[in-house]
Amino acid sequence: MDDALQDKEYIETLRKKIDEAPDIIDNYRELANIYVAGGDFDSALFVYNKMLNVFADDVQALINSGSIYFYKKDFEKAIALYLKAASIDTENASIQYNLGNVYAEIGNFINALKYYKKAIELGPENGAVYSAIGMLYQDKNDLKGAKANYKKAVELEPENGEYYIYLANIYQKEGDFEKAVENYKKALEFNGDDFKALLSLANTYASAGIEEKAVECFEAAVKIAPENYSAWLCFAITLADNNNIDKAIELYERAIEIDPMKPNAYILLANILTNERRYKEAIGLYKQAIKLVGADEKKGRRVLFVFIANAYMLLEDINNAITYYRMALRESPENNEIRLIYVEIMNEYISRKIKEANRA
């Protein structure tokens with residue numbers, strides 16, 4: 001018999017058992033677990049709600065329901081369920097940690113920190129809680145607080161590569177190149193195929209101007225995740241910064257193939273082509289990027305219109321240059337720099353037309 005059919009029949013059997021004997025809790029748990037395993041969270045919630053109507057104080061059902069609502073980004077319901085579970089099981093550190101995660105997700109630093117600290121008090125201490133607190137501080141740009149908590153996470157779980165990456169990111173922000181590299185490499189000791197560690201290490205080497213090591217790490221990163229847009233983009237930027245233009249162009253084109261709906265690669269590639277005097281190709285890419293930039297992103301659109309206008313100027317196509325400078329002004333009419341360029345070009349254009357008329 002087909003497995004899917006067997007599962008369907010077994011689900012029906014469990015449903016009947018629940019209807020016939022609603023006081024047997026294990027049937028609810030088993031049915032909910034089947035739905036969760038299959039990714040059918042709405043059906044799992046239905047079962048948990050039915051279960052809680054009979055077993056209102058079942059802590060695990062409250063926690064599991066809260067976690068599903070958290071996954072569905074219904075944070076208000078998640079908090080309510082976790083708080084009820086916490087009121088029943090007052091010594092459960094995991095519930096406090098879950099509450100901290102919800103409050104962190106909605107940007108409530110004070111409550112998130114409060115519940116994370118409760119999780120630590122109830123113990124035993126674990127790296128995940130300190131790592132979560134580190135992220136809280138990092139989000140507030142408190143690098144000192146973030147670093148202290150990431151270090152504690154590393155101390156508690158020294159074989160968790162993820163914590164070394166978080167710590168390295170802080171050192172990178174602080175400009176401590178050696179410590180950043182040390183910690184990224186430490187993460188790679190535990191997992192040589194850690195994509196995040198490789199990409200971060202590559203970017204660190206690139207920012208320090210160590211091209212050979214940066215390229216080595218980028219090559220390893222894109223080998224692990226060949227469809228990762230950001231990896232190809234960062235790799236291309238590094239090559240372009242080091243004047244490896246042909247290869248950079250190739251990688252920007254690869255990034256566009258991977259995700260043709262993101263504007264960054266179009267813009268960066270167009271910038272290179274402009275420098276290479278391939279103005280018509282660059283204009284085509286800038287125009288493609290404009291289609292992908294939202295109508296409300298006025299600054300981004302203004303910059304692109306200026307880029308296009310500049311390219312037309314380099315082509316000595318003043319008519320189109322004027323058109324695009326005017327479009328840039330419409331996006332940012334208060335921008336005096338663009339206004340001055342526009343006025344200067346218009347004056348030049350008018351003078352040229354007068355001279356042509358006089359010659360005629």
Side-chain angles (χ1 to χ4, degrees), residues 25 28-29 32-33 36 41 44-45 47-49 51-171 173-174 183 186-187 190 196:
I25 198 168
Y28 295 96
R29 295 196 198 285
N33 287 341
V36 170
F41 298 116
L45 272 177
V47 175
Y48 283 130
N49 287 336
M51 178 179 173
L52 289 167
N53 285 334
V54 182
F55 305 96
D57 292 339
D58 187 85
V59 171
Q60 197 57 54
L62 290 166
I63 294 172
N64 292 351
S65 297
S67 296
I68 292 174
Y69 279 118
F70 178 70
Y71 172 79
K72 291 166 69 70
K73 299 190 181 299
D74 190 336
F75 301 121
E76 187 175 342
K77 287 181 180 177
I79 289 170
L81 287 158
Y82 285 145
L83 284 173
K84 184 172 181 182
S87 71
I88 298 165
D89 188 352
T90 57
E91 301 299 310
N92 191 314
S94 294
I95 300 172
Q96 305 297 328
Y97 175 63
N98 289 346
L99 277 163
N101 287 340
V102 181
Y103 280 112
E105 189 69 22
I106 61 178
N108 188 325
F109 176 87
I110 293 173
N111 275 334
L113 187 59
K114 178 179 80 172
Y115 285 108
Y116 285 142
K117 285 184 174 180
K118 280 187 179 180
I120 291 170
E121 289 170 10
L122 295 172
E125 289 186 321
N126 67 75
V129 181
Y130 283 99
S131 176
I133 294 173
M135 289 181 187
L136 278 183
Y137 282 111
Q138 188 171 341
D139 287 343
K140 288 179 70 66
N141 206 33
D142 182 342
L143 302 186
K144 183 179 178 181
K147 183 163 64 176
N149 281 281
Y150 290 145
K151 281 185 173 181
K152 183 66 175 179
V154 166
E155 178 188 325
L156 291 168
E157 297 179 33
E159 295 187 3
N160 189 318
E162 193 81 8
Y163 301 151
Y164 291 99
I165 295 173
Y166 297 152
L167 184 55
N169 289 342
I170 299 300
Y171 283 121
K173 287 178 181 290
E174 290 180 334
N183 281 277
K186 193 71 178 175
F190 299 107
K196 283 201 297 185

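- Judged as a salt bridge (Lys or Arg N to Asp or Glu O under 4.0 Å), and not counting sequence neighbours, Asp142 has no contacts.
- Counting all heavy atoms, side chain and backbone alike, Ala78 lies closest to Gly66 at CB-O, 3.4 Å.
- Less than 6.0 angstrom separates the ring centroid of Phe109 from the ring centroid of Tyr137.
- Of the options Tyr69, Tyr71, Tyr48, a ring-ring contact (aromatic ring centres under 6.0 Å, His included) to Phe41 is made by Tyr71 and by none of the others.
- In this structure a side-chain-to-backbone donor-acceptor pair under 3.5 Å is present from Tyr82 to Ser67.
- Distance check, rounded to the nearest 0.5 Å: CG of Asn53 to OH of Tyr28 gives 8.5 Å.
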Expected list for residues 113-122: side-chain donor-acceptor pairs under 3.5 angstrom, two or more places apart:
{"residue": "Tyr116", "atom": "OH", "partner": "Gly100", "partner atom": "O", "Å": "3.4"}
{"residue": "Tyr116", "atom": "OH", "partner": "Asn101", "partner atom": "N", "Å": "3.4"}
{"residue": "Tyr116", "atom": "OH", "partner": "Asn101", "partner atom": "OD1", "Å": "2.6"}

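- Judged purely by distance below 3.5 Å, without hydrogens or angles, the side chains of Asn183 and Tyr171 never pair a donor atom with an acceptor atom.
- Considering only residues two or more places apart in sequence or on other chains, Lys140 meets the salt bridge (Lys or Arg N to Asp or Glu O under 4.0 Å) condition with none of them.
- Taking each heavy atom of Ser131 and Ala153 in turn, the nearest pair found is N-CB, 4.0 Å.
- Contact check for Phe70 versus Glu105: side-chain heavy atoms found under the 4.5 Å cut-off.
- To the nearest 0.5 angstrom, Asn126 atom CG is 7.0 Å from Tyr97 atom OH.
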Practice item. Please report the C-alpha distance between Asn64 and Val36 in whole Å, then the side-chain angles of each, then the deciding distance to 0.1 Å, and finally whether the side chain to side chain contact (heavy atoms under 4.5 Å, CB included) criterion is met. Key: CA-CA 10 Å; Asn64 292 351; Val36 170; over 6 Å; no
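- Here the side chains of Ser94 and Ile63 are not in contact, with every heavy-atom distance at 4.5 Å or above.
- For an aromatic pair to be called close, the ring centres must be under 6.0 Å apart, and Tyr164 with Phe190 satisfies this.
- Contact record, Gly161 with Ala187: O-CB, 3.4 Å, taken as the closest heavy-atom pair.
- Partners of Lys84 under the side-chain contact (heavy atoms from CB on, under 4.5 Å) rule, at least two apart in sequence or in another chain, are Ala56, Asp57, Leu62, Ser87, Ile88.
- Residues meeting the ring-ring contact (aromatic ring centres under 6.0 Å, His included) test with Tyr166, sequence neighbours left out: Tyr150.
- The one candidate from Glu157, Glu125, Glu155, Lys152 that meets the side-chain hydrogen bond (donor to acceptor under 3.5 Å, both in side chains) condition with Tyr130 is Glu125.
- Summarising the geometry, atom CG belonging to Leu52 is positioned 10.0 Å from atom CG belonging to Leu45; distances are rounded to the nearest 0.5 Å.
- For Lys72, the salt bridge (Lys or Arg N to Asp or Glu O under 4.0 Å) test picks out Asp42, with sequence neighbours left out.
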